[in-house]
Amino acid sequence: VLAFALVLGAGYYFYLTDKQTLLQQAVAKEVELRADYEVKAEKAANLEESLEAEEMELIDLDLLLQSYVANCKLSHSKCDFIYRGPGRPAWAMVSDFRIEQLLDKIIDNALDFHRSDSPIRVQLDIFRDQLQLTVANRGPKLPAVVENSVFDSMVSHRGQHNRLHFGLGLYVVRIIAEHHGGFVRAMNLADGSGVAVMVQLPLANADEEETSQHAPLIADARERASAG
């Protein structure tokens, strides 16, 4: 009986020790996440401040995207990139550095989730007074639970097991797009085979431009809304 009591007591001791260790690990993880959140929140605030101080210039986004996608093919040689432009200049008042930063975040997201045997498609369309930039990839669909919040502050749907975690990537995309007078949306492809991120920006000389002649990867958001 005494031996049994000693064994039982030892087991209970190790149970408490393990439980305490798990609790300590959970607390440490919470502290780490909070510190990470504070650092990223500061970076987001700094980004917004720096954007306000930057000057815009007239840029042909078609030429910018041609060069950008060409560089993507070199830096991500295992992935196929396909670019389709409007076939004419697509002028916009932007910061070219910030547009490239926006593209970096969108392409990073597409690389994370694209199906290995499928290309990442980049397309630029002209709609009346708007430019529509779309990046589409085949792969997992965007869960409904995050479809409307994926561009919110500090939320990112990336990483192992598709778990939500704090991040800046897609939030940066939203901040840059809105600073340029545009907006961004993420949506599942119509056939359910993947995801597209769509950025709309104002066209600089809308009165002189015609709309694109080819079909867009994603329909104009305003036409989608009116159709719904």
Side-chain angles (χ1 to χ4, degrees), residues 36 39-77 79 81-114 120-127 129-137 150-158 166-186 195-206 208-209 212 217-218 221:
D36 186 50
V39 169
K40 289 174 178 176
E42 183 177 357
K43 288 182 178 179
N46 291 338
L47 171 63
E48 295 184 38
E49 290 180 5
S50 62
L51 284 172
E52 292 299 327
E54 291 183 357
E55 294 184 0
M56 306 287 193
E57 57 181 324
L58 192 62
I59 297 291
D60 181 358
L61 284 187
D62 180 46
L63 287 180
L64 185 151
L65 285 168
Q66 288 181 43
S67 175
Y68 183 89
V69 173
N71 288 331
C72 283
K73 292 179 180 180
L74 294 175
S75 56
H76 304 286
S77 58
C79 180
F81 289 85
I82 298 175
Y83 173 64
R84 189 173 187 180
R88 62 179 64 89
W91 298 104
M93 287 296 296
V94 298
S95 164
D96 56 351
F97 167 72
R98 294 302 180 183
I99 294 301
E100 290 179 356
Q101 184 181 16
L102 173 149
L103 287 166
D104 285 344
K105 304 303 182 184
I106 298 176
I107 293 296
D108 283 349
N109 191 72
L111 286 167
D112 278 350
F113 293 109
H114 88 288
I120 292 176
R121 298 181 180 274
V122 181
Q123 184 162 315
L124 181 65
D125 297 290
I126 300 175
F127 291 108
D129 59 347
Q130 296 288 316
L131 296 173
Q132 180 171 291
L133 166 63
T134 307
V135 178
N137 67 276
V150 70
F151 295 101
D152 288 350
S153 176
M154 305 305 157
V155 175
S156 177
H157 192 74
R158 296 176 57 189
F166 296 124
L168 277 177
L170 295 182
Y171 178 60
V172 167
V173 172
R174 174 185 150 196
I175 292 298
I176 293 175
E178 291 179 351
H179 176 72
H180 286 84
F183 67 90
V184 59
R185 292 186 60 189
V195 173
V197 174
M198 181 196 73
V199 179
Q200 283 203 349
L201 299 170
L203 182 64
N205 54 343
E208 301 176 11
E209 292 289 353
S212 300
L217 286 175
I218 296 293

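Looking at V122 and I106, their side chains never come closer than 4.5 Å, going by heavy atoms from C-beta outward. Residues L61 and L201 meet the side-chain proximity criterion, which asks for heavy atoms closer than 4.5 Å. R98 is listed as a side-chain neighbour of E54, based on a closest heavy-atom distance under 4.5 Å. Inter-residue side-chain proximity for M93 and L58 is flagged as met; some heavy-atom pair is nearer than 4.5 Å.
Residues A92 and P202 share a closest heavy-atom pair of CB-O, 3.8 Å. Minimum heavy-atom separation, L64 to E100: CD2-CG, 4.2 Å. In terms of heavy-atom proximity, S95 sits nearest to E55 at CB-O, 4.4 Å. Residues A177 and L102 approach most closely at N-CD1, 4.0 Å, considering heavy atoms.
Annotation: the span from H180 atom NE2 to I99 atom CD1 amounts to 4.5 Å, rounded to 0.5 Å. Remark: I126 CD1 to L131 CG distance equals 6.0 Å, nearest 0.5 Å. Here the straight-line distance linking atom CG of L133 with atom CD of Q200 works out to 10.0 Å at 0.5 Å rounding. Atom-to-atom distance recorded for F97:CZ and I176:CD1 is 8.0 Å, nearest 0.5 angstrom. From C72, atom SG reaches atom CD1 of I107 across 5.0 Å, with rounding to the nearest 0.5 Å. We find the OG1-CZ distance between T134 and R84 to be 12.0 Å, quoted to the nearest 0.5 Å.
No donor-acceptor pair under 3.5 Å is formed between the side chain of Y83 and the backbone N or O of L124. Panel note: side chain D60, backbone W91; no donor-acceptor pair is recorded below 3.5 Å.
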Might you work through the side-chain contact (heavy atoms from CB on, under 4.5 Å) test for V173 and N109, ending with a clear yes or no? CA-CA 11 Å; V173 172; N109 191 72; over 6 Å; no
side-chain contact (heavy atoms from CB on, under 4.5 Å) assessment of V135 paired with F81: CA-CA 10 Å; V135 178; F81 289 85; over 6 Å; no
